[in-house]
S.K.: 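Please find one structure pasted underneath; my questions will follow.
Heads up: numbering here begins at 1 and tracks the sequence.
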Amino acid sequence: VSRISCPSHAHAENSIRKSYKELFYQVEFFLKQKGKVCLLSESMGLLKEMITQDFILIEEHELWSGKQRYELVVLGKV
């Protein structure tokens with residue numbers, strides 16, 4: 001499980017898009033066929049939009065830590 005950044009006033013969307021693109025590139029390289037990766041963030045809208053054809057969304061959960069809401073997604077390699 002990894003906590004990833006999301007677009008906010010402190011992080012520009014273009015910068016986050018570049019990070020997500022690099023994340024998918026790296027995960028595709030080292031993850032076994034049928035492998036899974038779990039990602040945690042405050043907002044997954046942009047990430048879900050950028051999921052490549054090499055991955056599928058397996059699970060999606062909402063978590064709370066105190067008053068902070070997080071989204072957890074499990075992606076599987078096709």
S.K.: With rounding to the nearest 0.5 angstrom, report the CD1 to CG distance, I4 to L47.
M.R.: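 Interatomic distance, I4 CD1 to L47 CG, rounded to 0.5 Å: 4.5 Å.
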S.K.: If you measure from OG on S15 to NZ on K18, what distance do you get to the nearest 0.5 Å?
M.R.: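 One gets 8.0 Å once the value is rounded to the nearest 0.5 Å.
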S.K.: Could you list all the side-chain hydrogen bond (donor to acceptor under 3.5 Å, both in side chains) pairs where at least one residue sits in residues 29-41, not counting sequence neighbours?
M.R.: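 Checked against side-chain hydrogen bond (donor to acceptor under 3.5 Å, both in side chains) - neighbours excluded - no pair reaches residues 29-41.
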S.K.: The criterion is salt bridge (charged side-chain N to carboxylate O under 4.0 Å, His left out); which residues satisfy it with E42, sequence neighbours excluded?
M.R.: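 Applying salt bridge (charged side-chain N to carboxylate O under 4.0 Å, His left out) to E42 gives R3.
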S.K.: Minimum heavy-atom separation for P7 and L46, please, with both atom names.
M.R.: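 P7 and L46 have their closest heavy atoms at CG-CD2, 3.6 Å.
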S.K.: Side-chain donor-acceptor contacts of residues 69-78 below 3.5 Å, not counting sequence neighbours, with atom names and distances?
M.R.:
from	atom 1	to	atom 2	distance (Å)
R69	NE	E62	OE1	3.2
R69	NH1	E71	OE2	3.4
R69	NH2	E71	OE2	3.4
K77	NZ	E28	O	2.9
K77	NZ	L31	O	2.8

S.K.: Side-chain donor-acceptor contacts of residues 48-56 below 3.5 Å, not counting sequence neighbours, with atom names and distances?
M.R.:
from	atom 1	to	atom 2	distance (Å)
K48	NZ	E60	OE2	2.1
E49	OE2	R17	NH2	2.8
T52	OG1	D54	N	3.4

S.K.: Once side chain to side chain contact (heavy atoms under 4.5 Å, CB included) is applied, do any residues pair with S8, and if so which ones, sequence neighbours excluded?
M.R.: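 Listed in chain order: A10, H11.
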S.K.: Other hydrophobic cluster members with Y25, side-chain heavy atoms of Ile/Leu/Val/Met/Phe/Trp/Tyr under 4.5 Å, chained?
M.R.: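 Y25 shares its hydrophobic cluster with no other residue.
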